[in-house]
Amino acid sequence: MAETPEVFEGAETMNGQAAEGTWEPKILGILCNWCSYAGADLAGSARLQHPPNVRIVRVPCSGRVDPQFVLKGFLRGFDGVLVSGCHPGDCHYAKGNYYARRRLTLLTRFLETMGIPRERFQFQWVSASEGARWAESVREMTERIRKLGPFQGVGRPVPLLIPVVARQAETQPVGVEAQ
Amino acid sequence: MARVGVFVCWCGSNIARTVDVQRVAEEAGRIPGVVFATDYKYMCSEPGQTMVRDAIRDHRLDRVVVASCSPRLHEPTFQRCISEAGLNPYMVEMANIREHCSWVHQDKDAATEKAIDLVRMAVAKARRDFPLFRNEIPITKRALVIGGGVAGIQAALDIADAGYPVTLVERTPSIGGRMAQYDKTFPTLDCAACILTPKMVDCASHPNITILTYAEVEEVTGFVGNFNIRIRKKARGVDMEKCTGCGVCYSKCPVKVPNEFEEGMGERRAIYVPFPQAVPNVPVIDREHCRLNNDLKCGVCQKLCPTGAIAYDQQDEVVTEQFGAIVVATGFRMWDHSQIGEYGYGSIPDVISGLQFERLMNASGPTEGKIVRPSDHRPPKTVVFVACVGSRSENHGHEYCSKVCCMYTAKHALLLKEKYPDTQSYVFYMDIRANGKGYEEFVRRTIEEYGANYIRGRVSRIYRHGDKVVVKGADTLLGRPVEIEADMVVLATAMEPQEDAKDLARKLGISTDQHNWFSEAHPKLKPVEVLSSGIFLAGACQYPKDIPDTVAQASGAASKVAGLFSKPHLLSEPMIASVREEDCAACGQCVQVCPFSAIELVELNGKNGASRRAARVNEGLCHGCGTCVAGCRGSCIDLRGFTNAQVLSEIDALALA
């Protein structure tokens, strides 16, 4: 059934793991530097134990989170994506998180259209002082995804999306000479 | 092809206990692009850093991944380390395998797998690292201080003493601010005027300070080091050059209006100086009340002025000047309690505010220091002070503590007893917050030596009974109702931000909290800075403060300004957005979403005289949040250091490894 190996190869591997009972949810975390990443650091300093299922990508601001990043996560076989930013009003850049909220709200609807259940995507606020909240959100999300089981992949990739994502990954950063 | 070196840190046992560091290093060595991988007990130590530098040389590394603690802790350390080895400092990436891994997981296999994943991600990002450079930005070494109260005065003096020119803008006719209204200051009972007026005079005579009174900031553009600020100098009606401050004009002016400086308890003329020690000592014509401005015959002041300084037809003057830094010291206002009508303020003449009591006590006040009832000018025998009027009250919109009321109420009770030993004062309080040097001792003295009767509890009602004012309340310590027949009631009303604080915040591009107090950059570690660089806070515009705290913060703000100006130039932050102009469709989406107004659409001159528009990032204004990048429809704007390619490659790197 797979047309694009990029999407489905991994999913099959995971289905295999699930069958063997060795499957563990893999969750992509995209965290803003100033609040949530620092909150996750605080969870570390306070030794607040939580499941090892989240892989964190650091971005300066939740406003930096391109909906593509979330889609890319699902396309690459993550079972869930967690975006975490500063509380409304606390954004280090004044209002980046408000833009994030609007974009990701829209994205949630798009994900459903794509056949990705909204339970697999979470957008939340965690401040630099909320280590416990971070640990708790990782626990919750991991358990939720575990119940949902491995992500089966999007029904059929929207034709336009893959080329865009692929091109992005290959493009040299703008404004800089090629290395 | 990138040549990446991976350095896995044990952090003693902090990482090594839960993560198999050797296995991480082995796996890292197999990642494409990695030409060298090793582990070491303490990567941040001098031997560890030497190991990194040696490896860069021996293995011709051009990118480095350090798998250790949070980048928020040691990224700068390793940036320095690799730049010493000749690499661009931005060619290092950190994999956070301590805070995000070894410290929060128990299962060694799972933690090791996760650590390997995090290293994979960091390597993927590092392979797309490219050198970043900080640009030099020139600084205009001139500071603007907004607000001429004690905070502004102190900041201006300190900056000027450091050798930099300062312009002090004050919107009322004189500098001095609230402190000029006070009688004595707690807990030392120094006369406020005696310690403030010399500073005001110092300001006026300092060669580095320009004072613009009766002036307001209208517009702020630009950025740290190079602010362009438009200031409106309101028409004074008096020529500052010609006026000698003799005072004939206001002694003969026929118009009398309530005096704001006396909190409405005295009168001033239509041409006036707010108080005798005003700096500058040049009167202002209050156009709203001047007879000439109201089509009535007058011109008395012009006829009498010996130097011909009166200029009725003077116009507002608008100037635009460049400044490198701004100190915001706009202070506070007292909550207007008459709006609520509670406690009879505004309807019972002998219920007054703490600031009005302050003016009554002041030897240069409306009664020359005699404390009398506003209703019949008789000295009161029994005075009730009510603390926390509007403060610490959700109902009144001030959840916060106004901080100074406990102390000035104690001061009022003490000074009242000192002046009139046969008076009795009662203080209704919620808690006594006397947390400053010598403050607790001061309150104790007021109670024990000066016999102030402190009653813990709230006042429920204040009403008139004959010529008395009856205060009904509860003593919650004794658990019984209290009723006091007083001659005068003094309300310690809440401090509030200036009415137009939000407007100024918008002009400056700084943020406020829900009450409109200006927000500092960090509540503990950056109390003077705001999130926009080059702007600093001093005094009660940030939050209620007493004079020592205000002066300390003002000096702090001044030293931040001096520190900024001491550099030959500024260095820009390299992790900022940049536009690929050839692909930009000039849709303006980035312009709209930028929180810092750092992006504008500019005309590009193409071939054959053709012109088109494209977005351009002002590198001095961009803070590098990347909101524009996520919003760009054509992906032709990107964020250096966090490019689309970098973030996507991190996600790719993990795919089902």
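The chains referred to below are lettered A, B, ... by the order of the sequence lines, with proteins before strands, and numbering in each begins at 1. All figures in this text were calculated on a predicted structure; none of them were measured in a lab.
- Shown here is B:Lys108, whose NZ atom has more than 12 heavy atoms of other residues, nucleotides or ligands within 6.0 Å.
- B:Arg60 CZ: 12 or fewer foreign heavy atoms inside a 6.0 Å radius.
- Here CD of B:Glu650 is found 12.5 Å from NZ of A:Lys72. Values are rounded to the nearest 0.5 Å.
- Looking at A:Val138, neither its backbone nor its side chain comes within 4.5 Å of chain B, counting heavy atoms on both sides.
- With a 4.5 Å cut-off on non-hydrogen atoms, A:Val65 touches chain B through its backbone but not through its side chain.
- Nearest approach of A:Ile56 to B:Met121, heavy atoms of both residues: O-CE, 3.3 Å.
- Residue contact with chain B, scored on non-hydrogen atoms closer than 4.5 Å, is absent for A:Cys32.
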A:Lys26 vs B:Asp117, test: side-chain contact (heavy atoms from CB on, under 4.5 Å). Steps then yes/no. CA-CA 11 Å; A:Lys26 275 208 170 174; B:Asp117 277 356; 3.3 Å; yes
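- Contact of the A:Pro60 side chain with the B:Met575 side chain is not registered, since no non-hydrogen atoms from C-beta on lie closer than 4.5 Å.
- For the atom pair CZ (A:Phe78) and CG (B:Leu654), the distance works out to 4.0 Å, reported to the nearest 0.5 Å.
- Interface check for chain A: of the options B:Val593, B:Asp62, B:Val629, B:Asn96, the most heavy-atom pairs under 4.5 Å are formed by B:Val593.
- Summarising the geometry of A:Tyr93 relative to B:Cys625, their closest heavy-atom pair is CG-CB, 3.1 Å, with the distance given to 0.1 Å.
- In this structure a side-chain-to-backbone donor-acceptor pair under 3.5 Å is present from A:Gln49 to B:Trp103.
- For the pair A:His50 (side chain) and B:His105 (backbone), a donor-acceptor distance under 3.5 Å is absent.
- With a 4.5 angstrom heavy-atom cutoff, A:Leu48 touches chain B only via backbone atoms.
- Looking at A:Pro52 and B:Asp107, their side chains never come closer than 4.5 Å, going by heavy atoms from C-beta outward.
- Between chain A and the options B:Gly631, B:Ala110, B:Ala122, the largest number of non-hydrogen pairs under 4.5 Å is found for B:Gly631.
- Between A:Arg47 atom CZ and B:Ser102 atom OG the span is 7.5 Å, to the nearest 0.5 Å.
- Residues B:Ala630 and A:Gly63 come closest through the heavy atom pair CB-O, 3.3 Å.
- For B:Asn14, the part lying near chain A is the side chain, with the backbone staying farther off; criterion is any non-hydrogen pair under 4.5 Å.
- With a 4.5 angstrom heavy-atom cutoff, B:Gln106 touches chain A via backbone and side-chain atoms both.
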Evaluation steps, salt bridge (charged side-chain N to carboxylate O under 4.0 Å, His left out), between A:Glu24 and B:Lys114: CA-CA 12 Å; A:Glu24 273 292 318; B:Lys114 179 170 174 178; over 6 Å; no
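- Among A:Tyr37, A:Trp134, A:Trp34, the residue with the largest count of heavy-atom pairs under 4.5 Å with chain B is A:Tyr37.
- Of the two parts of A:Asn53, neither the backbone nor the side chain holds a non-hydrogen atom closer than 4.5 Å to a non-hydrogen atom of chain B.
- A side-chain donor-acceptor contact under 3.5 Å links A:Arg64 to the backbone of B:Phe642.
- The candidate with the highest count of non-hydrogen atom pairs below 4.5 Å against chain B, out of A:Ala38, A:Gly73, A:Ser62, A:Ala43, is A:Ala38.
- With a 4.5 Å cut-off on non-hydrogen atoms, A:Ala135 does not touch chain B at all.
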Residue pair A:Asp41, B:His100: steps toward the side-chain contact (heavy atoms from CB on, under 4.5 Å) verdict: CA-CA 6 Å; A:Asp41 277 359; B:His100 290 186; 2.9 Å; yes
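- Only the backbone of B:Gln592 comes within contact range of chain A, with at least one heavy atom under 4.5 Å from a heavy atom of that chain.
- Under the 3.5 Å distance criterion, the side-chain polar atoms of B:Arg72 are matched with a main-chain donor or acceptor of A:Asn33.
- Between A:Phe69 and B:Leu648, the shortest heavy-atom contact is CD2-CD2, 3.7 Å.
- Among the residues in residues 96-108 of chain A, those with a non-hydrogen atom closer than 4.5 angstrom to a non-hydrogen atom of chain B are A:Gly96, A:Tyr99, A:Arg103.
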